Amino acid sequence: MVAPVDSPTTGRRATGPVPWVAMYHSVGDCSDDPYRITVTPDRLARQLSWLRRRGLRGVSMADLLAARARGEGQGLVGLTFDDGYADFVSNALPLLARWDCGATLFVLPGRLGGDNAWDPEGPRRPLLTAAGIRSAAAEGVEIGSHGLTHVDLTQADDATLKAEVAESRSVLAELTGTTVDGFCYPYGTIDARAMAAVREAGYTYACAIDPGDLNGVHALPRVHIGQNDTAVRLFLKYRLHRLRRRPVEGLA
């Protein structure tokens, strides 16, 4: 667990540069991909190679934030994979191992073995079963919650919000046998109410996409990485991320 960092001189919560966190989804066939959330294994391999050639290493969010708390986060990039697609184990895990990278996999314990039914268009993509999630965890992948069923938390009633946030954490803890520290907001949508629910449920951190005016370790911004992100585009995204994002409150 990564605790917020306080300044030793003022006692106030520290504010540090925003971490570079890459957001992936499916790794497979992207020929029919209306949402542009899929990268081919070859493209992912090229992207991981690009990181390593520049002295960067992809790690899980837990490892990234722990390193930042120790003042050792330079050269680390958070790698996150949303939704828990079955192709993560077959296609992404071997490449992560090849390039000595870690990752965080945000899964939906209310849809184990199901598919991406929340997407109105495009193909149905199978999601990991409980056994698949355990297999990824056994390989050192951090497992985080993406909610129970992938609903927009900003539109959820109180009961649904609690179930999606708190119940998903307890179900995953039982499934994996470990504490679940990370949450990822479905669709990237976030407001103060959803952020408060995530914090109160006991998560150490949470990932969004563009958190707007919200700031802190429970509203971490990420950069979408897709099939069209070649070396030049990756370089621009990496350089521009800190220019576009504010420093994160509570993060060294």
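Only a predicted model underlies this, so the values are computations on that prediction, with no experimental measurement involved. Side chains are part of it too, since the values below use all heavy atoms of this structure and drop only hydrogens, waters and symmetry mates.
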Heavy-atom pair of closest approach, residues [X] and [Y]:
X	Y	value
Gly188	Ala208	O-CB, 4.3 Å
Val217	Gly250	CG1-O, 3.9 Å
Glu167	Ser170	O-OG, 2.9 Å
Leu214	Arg246	O-NH2, 3.2 Å
Val180	Ile143	CG1-O, 3.8 Å
Thr149	Trp118	O-CE3, 4.4 Å

Taking the side chain as every heavy atom from C-beta outward, state whether [X] and [Y] have any atom pair closer than 4.5 Å.
X	Y	value
Tyr203	Asp181	no
Val248	Pro19	yes
Thr40	Leu44	no
Asp63	Leu76	no
Asn116	His150	no
Gln47	Thr230	no
Val141	Ser60	no
Ile225	Val223	yes

Would you say the ring centroid of Tyr24 lies under 6.0 angstrom from that of His224?
no
Sub-6.0 Å ring centroid separation between Tyr185 and Phe183:
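Aromatic pair counts; centres sit under 6.0 Å.
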Find out if a path of hydrophobic residues (ILVMFWY) with successive side-chain heavy-atom gaps under 4.5 Å connects [X] to [Y].
X	Y	result
Leu108	Leu112	no
Trp99	Phe81	yes
Leu220	Tyr187	no
Leu48	Phe88	yes
Val171	Leu128	no

Are any side-chain N or O atoms of [X] and backbone N or O atoms of [Y], one a donor and one an acceptor, separated by less than 3.5 Å?
X	Y	value
Arg57	Arg52	no
Arg68	Pro17	yes
Ser49	Ala45	no
Gln227	Val39	no
Arg36	Gly226	no
Asp87	Pro126	no
Asn91	Val27	yes

[atom1] of [X] to [atom2] of [Y]: how many Å apart, nearest 0.5 Å?
X	Y	atom1	atom2	value
Lys237	Arg244	NZ	CZ	9.5 Å
Met23	Cys184	CE	SG	8.0 Å
Glu139	Leu105	CD	CG	12.5 Å
Ile209	Thr189	CD1	OG1	8.5 Å
Leu153	Lys162	CG	NZ	15.0 Å
Phe106	His25	CZ	NE2	11.0 Å

Inspect the contact between Asp82 and Arg222 and indicate whether a charged nitrogen and a carboxylate oxygen are less than 4.0 angstrom apart.
yes
Determine, for Asp210 against Arg245, whether the closest basic-nitrogen to carboxylate-oxygen distance falls under 4.0 angstrom.
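Result for this pair is yes, salt bridge flagged.
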Only one of Thr104, Leu51, Val21 clears side chain to side chain contact (heavy atoms under 4.5 Å, CB included) with Leu79; which?
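Among the candidates, only Leu51 passes.
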Determine, step by step, whether Val165 and Leu148 satisfy the side-chain contact (heavy atoms from CB on, under 4.5 Å) criterion, reporting the C-alpha distance in whole Å, the side-chain angles of both residues, the deciding distance to 0.1 Å, and the verdict.
CA-CA 7 Å; Val165 173; Leu148 273 177; over 6 Å; no
Any chance the side chains of [X] and [Y] put a donor and an acceptor closer than 3.5 Å?
X	Y	answer
Thr160	Asp157	yes
Tyr85	Asp83	yes
Asp191	Thr154	no
Arg125	Thr38	yes

Does [atom1] belonging to [X] count more than 12 external heavy atoms closer than 6.0 Å?
X	atom1	value
Glu72	CD	yes
Tyr35	OH	yes
Arg124	CZ	yes

List for me each residue that meets side-chain contact (heavy atoms from CB on, under 4.5 Å) alongside Asp158, sequence neighbours excluded, and say none if there are none.
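Once residues adjacent in sequence are excluded, the partners of Asp158 under the side-chain contact (heavy atoms from CB on, under 4.5 Å) criterion are Arg193.
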Parallel, tilted or perpendicular: ring planes of Trp50 versus Trp20, cut at 30 and 60 degrees
tilted
Start with the C-alpha gap between Thr176 and Arg134, add the side-chain angles, then the distance that decides, and say whether side-chain contact (heavy atoms from CB on, under 4.5 Å) holds.
CA-CA 6 Å; Thr176 61; Arg134 293 192 190 98; 5.6 Å; no
Candidate pair Asn215 and Glu249, rule side-chain contact (heavy atoms from CB on, under 4.5 Å), full reasoning:
CA-CA 6 Å; Asn215 195 316; Glu249 297 173 3; 3.7 Å; yes
Test side-chain contact (heavy atoms from CB on, under 4.5 Å) on His218 and Tyr205; report intermediate values, then the result.
CA-CA 5 Å; His218 291 91; Tyr205 72 88; 5.5 Å; no
